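This is a predicted model, so every value here is computed, not measured.
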Amino acid sequence: MVKLIEMMLDENLLTKDAISALVKSRPPKKVSFANLIAEKMIDLHSVEFFLAKKIRQGVISLRHLEKIEGIDTGPIIEEVAKALNVEYVDLDDIEIDMKLFSQVPYKQLLKFNVIPIEENDFNVLIVFDDPLDMEAQDAIQRLFPKKPIKIAISKPQQIQQYLQRLEINESIKGLVSDIRRDLNQEDSYEESNDESPAVLKLIDIVLKSAIFIGASDIHIEATEKSCVIRERVDGMLRQSFTFDKDIFNPLASRMKLLSNLDIAEKRKPQDGRFSTTVSQKEFDFRVSTLPTIYGESIVLRILDKTKAMIKLEDAGMSKFCYDRFSEAIKVPYGIVLVTGPTGSGKTTTLYGALNAIKDVKDKIITVEDPVEYQMSGLQQVQVRAHVGLSFAAALKSILRQDPDKIMIGEIRDQETLRIAIQAALTGHLVLSTLHTNDAISAVTRILDMGIEEYLVSGALVAIQAQRLVRKICTNCKKETILPETLLKDVKQYLPENPTFYVGAGCKECGHSGYSGREMISEVLSISETLSRMIARSASKEEMTKQAMEEGFINMFEDGVSKAMAGKTTIEEIYRVARL
């Protein structure tokens, strides 16, 4: 970094007075490209042109770019690709030909940091992390003697991630060969796969791998050229296995057998589930299949029964939101809503709330679709629409069961919402979820569903809106400098000279820089004033202004506070929330 600054001084792109101004500022600012750009001492285009030039000259490599904070490396690498007349490839946007990959010894790929992408009639496209490494080009060309190689470049970090991912495939090459041998021995795989040990071992490896890294879902997908297995970790999908296309059918058939599904039916969606023990711990897997143009998409939702026992205080709420929400669920009657999109942790929050309030003196009944976790001390009802047991029908019967507290998995229609509000007004505490973007929008949504204002104002106790953000990995956490583009919208929430952190990426976090998830939330307590405003159909803007006067903290501000505390990043807050 220091040498690059000196080079910029030598080329008159920067003045010594500019650097001196940064150092002499109070407090002194770190001399970095991000700060030079933020202080308008040099423009971003000049920096990108300068770095691209130094890469072309061989002074620095593409790997050096990743060590420079506050700079997007994508445009620089694209500029280098144009100058060197090579192709720029975003590895996240293409599909690797696994047959081509299997032709090259993995050790050679690892040694030269290259990945073969595709082969056509004229050449073989190879991605290099150093387009000027002639030794690597000669070595790879010898591996493809029949066709010339075509050089492409990509982000070095992407290349590293793909090589690590493909290393897993290398370790189970023998298992894949055994599956192919079984396929060749039988005319119809469906007749014999129940006894195939190779497929069973492969499934066992896939399940163990997903559970070991804390995945919530496993996606098995047939693509044009491959069979891809991805896992959702901390809300984000990451690719873990890539096989040739011929592996998909035996893998899919075995999954269907485990889930008691029809292995011959590939034209219609199917749903099933199975249980198995992994590392001496029992897991349930909810399985869904969907026909696609290349075959099928199979998704396994991993249900860990221990997650249902989460304590509300461990859910990740800030102290302010926790105190408000805890106070709300302790009221004797009324309706408390948890809102947010799919995958925002609403069900986990409801289970945490039930754990906090359940008591042997109270009758607590839940109605869910499906019942994901079984909890002691509760009566749990599974919705079965095909026999007429809908949310609304179940609720009507529940009210004749003399309950004290009711949990509704999701309010989907006006009938269910009306019964829930009536239950809240007749002396029951009702907990439920609703799909809205923020807490105050939930009031508008309820009114839009046709519920009278006076009923809503009398029943609502509190509304919590929430999202899940990824937590910075504690093993590779380090201080960082934010680009000015990220800072401009959050300055109103920041103290003077705030410190932010980022995960550099390590083996512990799969080189993502994140490990685990943290909740950001906002809790709207319905005060007497807000209740009267709802009754007279006040606008969302009026209610927001009143809530702010009563101390309401929105979700974005809650997220910025957690970023300053070093729990997550500003980029994550922007990804899941908005002002």
Would you indicate whether the side-chain heavy atoms of [Y] and [X] approach each other to under 4.5 Å?
X    : Y    : answer
D402 : K363 : no
L337 : I411 : yes
V287 : L258 : no
R536 : S457 : no
L434 : I446 : yes
V206 : L251 : no
I526 : I534 : yes
M533 : K545 : no

Does atom [atom1] of [X] have more than 12 heavy-atom neighbours from other groups under 6.0 Å away?
X    : atom1 : value
Y333 : OH    : no
E327 : CD    : no
E528 : CD    : no

List the atom of [X], the atom of [Y], and the distance in Å for their closest heavy-atom pair.
X    : Y    : result
E550 : S525 : OE1-O, 4.4 Å
F283 : I302 : CD2-CG2, 3.9 Å
C506 : N475 : SG-CB, 3.9 Å
S344 : L468 : O-CG, 3.5 Å
V523 : Q464 : CG2-OE1, 3.3 Å
A547 : I440 : CB-CD1, 4.3 Å

Test applied, side chain to side chain donor-acceptor pair (under 3.5 Å); reference residue, Y514; option that passes from T569, D234, T568: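 Passing option: T569.
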Using 30° and 60° as the class limits, which term best fits the ring planes of F285 and F274: parallel, tilted or perpendicular? parallel
Steps toward side-chain contact (heavy atoms from CB on, under 4.5 Å) verdict (L312, Y322): CA-CA 8 Å; L312 195 59; Y322 172 75; 4.1 Å; yes
Just by distance, do the side chain of [X] and the backbone of [Y] share a donor-acceptor pair under 3.5 Å?
X    : Y    : answer
E231 : A215 : no
T433 : V338 : no
S512 : C509 : yes
E282 : S275 : no
T289 : Q270 : yes
S259 : G272 : no
K567 : E518 : no
D558 : S521 : yes
D359 : D362 : no
E265 : K268 : yes

Start with the C-alpha gap between D438 and K540, add the side-chain angles, then the distance that decides, and say whether side-chain contact (heavy atoms from CB on, under 4.5 Å) holds. CA-CA 11 Å; D438 55 70; K540 181 181 176 182; 3.5 Å; yes
Under the criterion side-chain contact (heavy atoms from CB on, under 4.5 Å), I'd like the reasoning laid out for F500 against I472: C-alpha separation, chi angles, the key distance, then a yes or no. CA-CA 11 Å; F500 293 99; I472 298 172; over 6 Å; no
As a test of understanding, state which of K256, R267, K266 forms a salt bridge (charged side-chain N to carboxylate O under 4.0 Å, His left out) with E296.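 The passing option is K256.
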E572 and salt bridge (charged side-chain N to carboxylate O under 4.0 Å, His left out): which partner among R470, K562, K471? R470
d(K358 NZ, K405 NZ) to nearest 0.5 Å is 12.5 Å
Residue pair S561, S318: steps toward the side-chain contact (heavy atoms from CB on, under 4.5 Å) verdict: CA-CA 9 Å; S561 298; S318 63; over 6 Å; no
What side chain to side chain donor-acceptor pair (under 3.5 Å) pairs are there with at least one residue in residues 443-456, not counting sequence neighbours?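 Only R418-E452, E453-S537 qualify under side chain to side chain donor-acceptor pair (under 3.5 Å).
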